[in-house]
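Single-structure report; data block below.
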Amino acid sequence: MGLDDIKRREATWFLPVVNRLPVALVEGRGSRVVDVDGREYTDLTAGWGVCAIGHCHPTLVDAIRKQAGRLMQTTNLFYTLPQLDLAETLAKLAPAPITRTFFTNSGTEAIEGTLKLAHRATGRRKYASTESSFHGRTLGALQVIGQPKHRDPYRELLPEQVVVPFGDLVAAERAIDEETAAFIVEPVQGEGGVNVAPEGYLRGLRELCTRKGALLILDEIQTGVGRTGRMFALEHDEVVPDILALGKGLGGGFPVAAFLCTEEVAATVKPGDHGGTYVGNPLACAAANAVLEVVQEEKLAERAAKVGARLAGRLRAFAEANPGVTKGVRGRGLLVGLVIADVEAAGTLSRRALDAGVLANVTAGNVLRLFPALNIPEEELFGAVETVLGLLTA
Ligand SMILES: Cc1ncc(COP(=O)(O)O)c(C=O)c1O
């Protein structure tokens, strides 16, 4: 079936809520993907920061295959071992006070869980968050999202928001009052343009929340599982939140996410307060266990730090050599952004990169966001990056 047929079928059957690039992908191996016509691309997006260990890593495929042939689904009325193993592994990887985990099927559901939990733990009903943040698209997540384009179409369904500039502790202090259940923040805003929390910001938020009796929720759905050069981005700032959300890289491509919390927060909920048919199902948890095993065994967080530093260095050299083309480089580990000066050129870059054989993302209007697999071979990474940089100066 050719692309034209595919487009026609989609136009007939799919809810028209997405703008697609004109490619249908059918296969992936490592950091290479193949389209329906057999054309290959280097993937600098890792399936949107998800395929942390590359597409179809053999350990992950094997774990899913084995678990699928054994037990895929039960209900939360029963104990299952993959779920227990995963909860225990996450507790050992997370900072010491964080010990408890609940699983979900997607990042946005994890955020719903964090908000419900913060309400249970504090008895309060307001949340504060940051401008440009992204926390998902369900109604709870839209309540705290800092991007009006996602929130506005559903504004009538949502309560008043308290959103403050990212990095501004004075504004955060004003925003958190005696009704605030939690302040939710990403250590690096991914969708918002690869904005790294300024030095001291997360620690300042920690102190503010503690002082005002609100909880600190870190949304590490994009930054967790090695992406920023540490297992969790919170390690860069040595900050311990009350609640931590994970997703994306956790399943390496299998839909699974999680929210974790301290004993103190966990003690405020009781059976029935939260749940879900599929949450933490054995197949999803077997996938996540395999991903965490690979990330640790292959030291992929450390690799992300090293390769990410080289990548940022190359982008900085490019920015210096082409001062009118870019407006700077930012990021952490293998979550790196190059700010493009010409917004119009940025708008067509993903499409032009595709034609040149590279999957590349531009977010927040003009930020080339590079978030490839943590194990992408360097020659593939830098080859594809040169291709994209070449498009910016062509
Ligand atoms: C920081 C952050 N939070 C939440 C989400 C929502 O996750 P999902 O798309 O799995 O619902 C995303 C997705 O991009 C994200 O980057």
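Quantities reported herein were computed from a predicted structural model and do not represent experimental measurements. Worth knowing before you read on, the calculation uses all heavy atoms, side chains too, and leaves out hydrogens, waters and symmetry mates. Every number for a ligand or one of its atoms is a count from 1 in the order of the listing. Residue indices begin at 1 and follow the sequence shown.
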Worksheet item: Mind checking who shares a hydrophobic cluster with V265, ILVMFWY linked at side-chain heavy-atom distances under 4.5 Å?
Response: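 So far as hydrophobic clustering goes, V265 is joined with F102, I111, L115, L117, Y127, V144, I184, L215, I217, I221, I243, F259, V269, V279.
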Distances under 3.5 Å, N/O of ligand 1 against N/O of the protein: list each pair and its distance.
{"residue": "ligand 1", "atom": "3 (N)", "partner": "F134", "partner atom": "O", "Å": "3.3"}
{"residue": "ligand 1", "atom": "3 (N)", "partner": "D219", "partner atom": "OD1", "Å": "3.3"}
{"residue": "ligand 1", "atom": "3 (N)", "partner": "D219", "partner atom": "OD2", "Å": "2.7"}
{"residue": "ligand 1", "atom": "10 (O)", "partner": "G107", "partner atom": "N", "Å": "2.8"}
{"residue": "ligand 1", "atom": "11 (O)", "partner": "G107", "partner atom": "N", "Å": "3.4"}
{"residue": "ligand 1", "atom": "11 (O)", "partner": "T108", "partner atom": "N", "Å": "2.8"}
{"residue": "ligand 1", "atom": "14 (O)", "partner": "E191", "partner atom": "OE2", "Å": "3.4"}
{"residue": "ligand 1", "atom": "14 (O)", "partner": "K248", "partner atom": "NZ", "Å": "3.0"}
{"residue": "ligand 1", "atom": "16 (O)", "partner": "Q222", "partner atom": "NE2", "Å": "2.8"}

Discussion item. Can you tell whether the side chains of R125 and E179 come within less than 4.0 Å, N to carboxylate O?
Written reply: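 Yes.
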Worksheet item: Does R211 pair with E173 as a salt bridge, N-O distance under 4.0 Å?
Response: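 Judged by the 4.0 Å cut-off on N to carboxylate O distance, R211 and E173 do form a salt bridge.
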Discussion item. Using the rule given for side-chain hydrogen bond (donor to acceptor under 3.5 Å, both in side chains), can you reason through T348 versus R352, listing the C-alpha separation, both sets of side-chain angles and the distance that settles it, and then say yes or no?
Written reply: CA-CA 6 Å; T348 59; R352 288 182 290 137; 3.1 Å; yes
Worksheet entry | R20 vs E10, salt bridge (charged side-chain N to carboxylate O under 4.0 Å, His left out): CA-CA, chis, key distance, verdict | CA-CA 10 Å; R20 296 203 200 273; E10 161 139 333; 2.7 Å; yes
Worksheet entry | Minimal non-hydrogen separation, H150 against R137, with atom names |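 Shortest heavy-atom contact: CE1-NH2, 3.3 Å.
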